[in-house]
Amino acid sequence: MRTALAVEPRDGRLCVFMPYVGALEDYVAVLAAVEATAADLKTPVHIEGYAPPDDTRLDFIKVTPDPGVIEVNLHPARTWGEAVAISHGVYEDARATRLGADKFLRDGRRTGSGGGSHIVVGGATPAESPFLRRPDLLRSIILYWQRHPSLSYLFSGLFIGPTSQSPRVDEARHEALYELEIALAQSRKPARTRGRGASTGCCAT
């Protein structure tokens, strides 16, 4: 199947609709040719169309307009210090464009802008994810969080319960806790160490 490169001069810029390619090297080669052509023509270039293919060698930040806010998804960080540095950079760029990550309630209290402020823990690739290499680790974290409700409420913000952005599993559907117990029972158990095993029960009191 052939792909086409669509080019259109628009508003004083050369708009290039990138085609879909299967390899990162092909995408970079096309992009280099576009930039070289734009330099020869001395014309600003605007890249649109298909994004580069997924590749672990690429780090990118996704910026998406959402009702009332601008959602920013950061690329994976290899260390906690790197994650902090990336976040500080985003906040500084936001302030430079007169944007902020907080808002004020009617009584003057400062609160978040409405985003989830989610932190995704894992690996840069599926093969590097500790939760795929050690399913018992994921089970242990879920059980610990389930048995210590105060952790959930510590990070809940103004809204808690089943209508919040991050409800606890026992706050949603009644059968969710039972389904979680079935799922955890299917995860691979670690080898016994010093005569101790792992428990799979997830019911909390």
With heavy-atom distances below 4.5 Å as the criterion, would you say the side chains of Gln146 and Leu177 are in contact? yes
Are any side-chain N or O atoms of Tyr27 and backbone N or O atoms of Tyr50, one a donor and one an acceptor, separated by less than 3.5 Å? yes
Is atom OH of Tyr144 surrounded by more than 12 heavy atoms (other residues, nucleotides or ligands) closer than 6.0 Å? no
Got a salt bridge between Asp11 and Arg13, using NZ or NE/NH1/NH2 to carboxylate O under 4.0 Å? no
Is any side-chain heavy atom of His75 closer than 4.5 Å to one of Phe60? no
Value rounded to 0.5 Å, distance of CG in Leu14 from NZ in Lys42: 16.0 Å
CZ/Arg139 to CZ/Arg134 distance, rounded to the nearest 0.5 angstrom? 10.0 Å
Count the heavy atoms of every other residue, nucleotide or ligand shown that sit under 6.0 Å from CG of Leu58, and state whether that count exceeds 12. yes
Which pair of heavy atoms, one from Arg109 and one from Asp107, lies closest together, and at what distance? NE-OD2, 2.8 Å
How far apart are the closest heavy atoms of Ile141 and Phe131, and which atoms are they? CD1-CE2, 3.6 Å
Between Ser140 and Asp136, is there a donor-acceptor pair closer than 3.5 Å when you use the side chain of the first and the backbone of the second? no
Here the gap from Leu180 atom CG to Leu184 atom CG, rounded to the nearest 0.5 Å, amounts to 4.0 Å
List in chain and number order the residues that pass side-chain hydrogen bond (donor to acceptor under 3.5 Å, both in side chains) with Asp55, two or more places apart in sequence or in another chain; answer none if no residue qualifies. Arg57
For a quick test of reading the model, state the closest non-hydrogen atom pair linking Ala23 to Pro53 and the distance between them. C-CG, 3.5 Å
May I ask you to check whether over 12 heavy atoms, not counting those of Asp54, lie within 6.0 Å of atom CG? no
